[in-house]
Amino acid sequence: MNGKNIYDVIVVGAGHAGIEACLAAARMGCKTLMLTLNLDHIGQMSCNPAIGGIGKGHLVKEIDALGGEMGRAIDETGIQFRTLNTKKGPAVRASRAQADKSLYRQRMKRVLETCPGLTLRQGSVEKLIIRDGEVKGVETQIGERFDGRRIILTTGTFLNGLIHVGDRNFSAGRAGDFAAHGLSESLADLGFNIGRLKTGTCPRLDSRSIDYSKLQIQIGDESPIPFSFSNERITQRQVPCHITYTNAKTHEIIRAGIHRSPMYSGVIKSRGPRYCPSIEDKIVRFGDKERHQIFLEPEGLDTIEVYPNGLSTSLPLDVQIEMVHSIVGLEDAEIMRPGYAIEYDYVEPTQLYPSLETKLVRGLYHAGQINGTTGYEEAGAQGILAGINAVLSLRDEDPLVFSRDQAYMGVLVDDLVTKGTDSEPYRMFTSRAEYRLLLREDNADLRLTEIGYKIGLATPDSYHRLVDKRHAISELVTFLERTQLASTSEINSRLESFGSSPLRNQTSLALLLRRPEISLDQLHKLVPGMPKFSAHVEAEAEIQIKYEGYVNRQSEMVRRFQKMEQLKLPNDMDYFKIQGLSREVREKLSRIQPRSLGQASRISGITPAAMSLLSVYLKRTNSQ
């Protein structure tokens with residue numbers, strides 16, 4: 001074997017999971033190879049041209065805090081930024097940005113090509129090379145072999161991908177790219193449980209054929225907030241999106257043609273993402289709704305293609321054209337690329353350890369849609385963790401496994417390896433996190449950057465920025481707690497103008513800030529000499545003070561949660577020896593092999609009675 005073909009880490013796939021995985025491995029000092037079917041499609045946004053959203057923006061911030069690339073990439077290529085849920089509490093506020101998808105792809109390719117220690121090769125991996133239960137390398141479609149000490153599969157929708165448009169279907173990983181054949185069979189031969197999932201995308205429209213005068217305009221934030229903690233501002237040109245709606249005629253057209261949709265004709269049997277349904281699903285499942293919102297999102301600054309978010313479909317092209325033309329503003333719209341559904345293979349994620357290493361093959365990691373997830377952000381989060389843990393295993397160090405109170409990444413991975421995907425693609429939401437007040441977007445760096453720095457991924461600049469931020473927050477909070485405001489007619493008059501009640505006694509600024517109607521900006525007006533800090537520091541200090549009671553209560557919940565997590569279960573525990581457990585419970589526990597009593601409690605179907613039996617057995621075993 002040529003020595004040039006020997007690597008520490010091999011990453012298969014160049015989507016959002018693959019990018020983060022190979023960059024993490026290379027930046028942590030490993031000789032890394034990325035293998036992809038098409039080097040021109042690195043970082044391709046196969047579906048909507050956007051990054052972030054509810055729950056998803058949190059993941060992007062966490063990727064950035066650890067030292068990943070997605071946040072910096074969207075900051076440099078985003079063409080409209082919006083903060084969502086601004087009228088709600090800080091736990092559920094989320095960032096989202098439209099991307100110039102071509103610029104995003106070009107930037108990601110440039111970053112990979114210039115990363116020290118990283119080699120890019122085009123090739124279709126068809127086989128894993130295994131010896132004594134441990135992965136040793138991969139073999140491509142043309143028989144080329146690459147030796148690797150750790151392999152990370154980030155195959156997206158390419159495993160036996162099959163595209164459907166009406167009654168026509170053809171093999172593809174996405175429109176314009178070949179599917180990957182052979183690798184699924186290789187995994188099945190190794191004993192992995194392979195399933196089938198479905199996702200879809202919208203038709204792309206010619207912007208010149210859209211009548212924007214009939215549409216509602218949606219502009220981005222006036223002062224866009226960057227995703228990356230390393231960026232202070234967004235400098236590139238921003239553009240608007242537009243909103244329209246389906247109507248009764250649209251719904252009539254879809255119902256008339258629905259028997260020709262592979263989703264409803266029985267051709268597609270796998271399930272798609274519940275929270276991103278096709279327009280056919282919306283009409284059937286929500287028949288009482290008179291209209292559905294459509295966001296017209298430009299795909300870039302230098303392209304005429306527009307993505308009508310909300311019109312995902314696998315209807316025949318003639319029905320798609322009629323459907324589009326029934327929508328206000330789209331009466332003459334031309335479809336440049338038809339919408340389609342795609343079916344693909346995935347590997348049941350309960351066959352993974354929380355490190356994302358597979359239980360069946362040592363040194364093999366899975367990340368992204370191969371684990372049954374959907375979304376660029378979920379993929380990127382798994383990718384960076386798989387890359388980190390592949391390197392840590394080569395160093396003979398413990399894997400990086402976040403608990404559910406540390407990061408959304410911890411929630412994501414724990415849900416996957418404990419509960420699986422329940423036969424439908426998994427999507428992240430803030431509602432999945434029990435401790436979401438502790439896991440906000442704004443404090444992702446405070447939670448994770450030091451960890452990223454210690455493992456050798458986050459840069460020294462990131463760490464020093466974190467130290468400075470912590471010091472500034474502490475300084476501001478201390479000032480607010482110690483500074484007293486006297487009850488004077490002038491102060492009380494100002495408070496009245498803010499819609500707040502007057503002071504009766506001398507009060508600290510921190511106590512005043514806890515009033516719902518009082519903000520830090522207003523305190524600056526009350527106390528002109530008050531020290532000024534950066535917007536990030538002031539926002540964090542304000543949240544810490546305003547939500548201190550809620551945070552303390554959630555922290556107490558975390559302490560109770562950690563007690564369950566600290567009760568470790570042996571990896572080789574024989575659950576069939578525990579008297580009283582049902583066969584179903586024994587089989588689930590044996591298959592998943594939970595790490596702790598806490599993880600066992602989160603497995604679907606594990607009853608409180610079963611937990612009591614397991615707890616008693618564990619105490620008896622530990623006391624012997």
Side-chain angles (χ1 to χ4, degrees), residues 45 48-65 69-101 103-104 107 207 212 215-244 293-302 306-310 375-377 380 408 428-430 436 439-446 465 469 519-522 524 532-543 546-547:
M45 291 181 165
N48 64 314
I51 293 291
I54 307 300
K56 294 169 173 282
H58 293 71
L59 290 172
V60 181
K61 293 274 191 175
E62 291 181 354
I63 291 169
D64 181 74
E69 197 63 32
M70 185 175 280
R72 290 195 289 267
I74 188 61
D75 282 352
E76 290 184 24
T77 61
I79 55 178
Q80 187 191 100
F81 289 75
R82 293 180 65 225
T83 302
L84 310 178
N85 286 344
T86 54
K87 295 181 179 179
K88 297 184 179 180
V92 295
R93 289 175 200 153
S95 302
R96 187 178 188 274
Q98 293 298 128
D100 184 313
K101 63 187 294 183
L103 290 179
Y104 187 94
R107 185 199 177 282
S207 177
Y212 287 102
L215 306 180
Q216 175 186 338
I217 192 169
Q218 182 188 67
I219 60 174
D221 293 342
E222 188 174 338
S223 300
I225 299 174
F227 274 90
S228 177
F229 293 100
S230 64
N231 292 329
E232 291 295 326
R233 62 183 63 85
I234 302 300
T235 58
Q236 64 270 20
R237 179 163 68 93
Q238 301 290 285
V239 299
C241 295
H242 292 79
I243 298 173
T244 186
Q293 195 172 61
I294 308 298
F295 286 92
L296 297 177
E297 303 170 344
E299 296 219 327
L301 298 176
D302 298 317
V306 171
Y307 185 89
N309 197 337
Y376 311 144
E377 304 81 4
Y408 270 85
M428 178 52 69
F429 288 103
T430 53
R436 55 184 174 271
L439 307 180
R440 306 183 307 275
E441 275 195 3
D442 59 89
N443 70 1
D445 57 339
L446 299 174
R465 192 164 45 246
K469 182 178 177 179
S519 68
L520 201 54
D521 285 339
Q522 290 167 327
H524 277 293
K532 188 73 176 172
F533 293 85
S534 71
H536 294 301
V537 168
E538 295 204 344
E540 181 65 31
E542 182 169 354
I543 289 171
K546 275 189 177 295
Y547 294 89

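Scope of the values below: all heavy atoms of this structure, side chains included, with no hydrogens, waters or symmetry mates. Residue numbers start at 1 and run along the sequence shown.
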[Y] and [X], any side-chain heavy atoms less than 4.5 Å apart:
X	Y	answer
Tyr212	Ile217	no
Glu538	His524	yes
Asn443	Glu540	yes
Val60	Tyr376	no

Would you give the length of the straight line joining atom [atom1] of [X] to atom [atom2] of [Y], rounded to the nearest 0.5 angstrom?
X	Y	atom1	atom2	value
Ile79	Glu299	CD1	CD	9.0 Å
Asp221	Thr86	CG	OG1	8.0 Å
Arg440	Tyr547	CZ	OH	9.5 Å
Ile63	Met70	CD1	CE	5.0 Å
Leu296	His242	CG	NE2	8.0 Å
Phe295	Gln218	CZ	CD	5.0 Å

Checklist entry - Quick check: are there more than 12 heavy atoms from other residues, nucleotides or ligands sitting under 6.0 Å from CD1 of Ile219? => result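 No.
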Item to check | Whether over 12 other heavy atoms sit under 6.0 Å from Gln293 CD | outcome: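 More than 12 within 6.0 Å, yes.
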Could you check whether any side-chain N or O of [X] sits under 3.5 Å from a backbone N or O of [Y], counting only pairs where one atom can act as donor and the other as acceptor?
X	Y	answer
Gln238	Gly220	no
Glu297	Asn309	no
Asp100	Leu103	yes
Gln80	Arg96	no

Please list, one pair per line, the donor and acceptor atoms closer than 3.5 Å that link side chains of residues 222-229 to other protein atoms, with sequence neighbours excluded.
{"unit_1": "Ser228", "atom_1": "OG", "unit_2": "Asp64", "atom_2": "OD1", "d": "2.8"}
{"unit_1": "Ser228", "atom_1": "OG", "unit_2": "Asp64", "atom_2": "OD2", "d": "3.4"}
{"unit_1": "Ser228", "atom_1": "OG", "unit_2": "Ser230", "atom_2": "N", "d": "3.1"}
{"unit_1": "Ser228", "atom_1": "OG", "unit_2": "Ser230", "atom_2": "OG", "d": "2.6"}

Check [X] against [Y] and note the closest heavy-atom contact, atom names and distance.
X	Y	answer
Thr77	Tyr104	OG1-CD1, 3.4 Å
Ile543	Asp442	CD1-OD2, 3.6 Å
Gln236	Asp75	NE2-O, 2.7 Å
Ala444	Ala65	O-CB, 3.4 Å

Considering only distance and modelled atom types, tabulate donor-acceptor pairs under 3.5 Å from the side chains of residues 48-58, sequence neighbours left out.
{"unit_1": "Lys56", "atom_1": "NZ", "unit_2": "Glu377", "atom_2": "OE1", "d": "3.3"}
{"unit_1": "Lys56", "atom_1": "NZ", "unit_2": "Glu378", "atom_2": "OE1", "d": "2.9"}
{"unit_1": "Lys56", "atom_1": "NZ", "unit_2": "Glu378", "atom_2": "OE2", "d": "3.0"}
{"unit_1": "His58", "atom_1": "NE2", "unit_2": "Ala91", "atom_2": "O", "d": "3.3"}

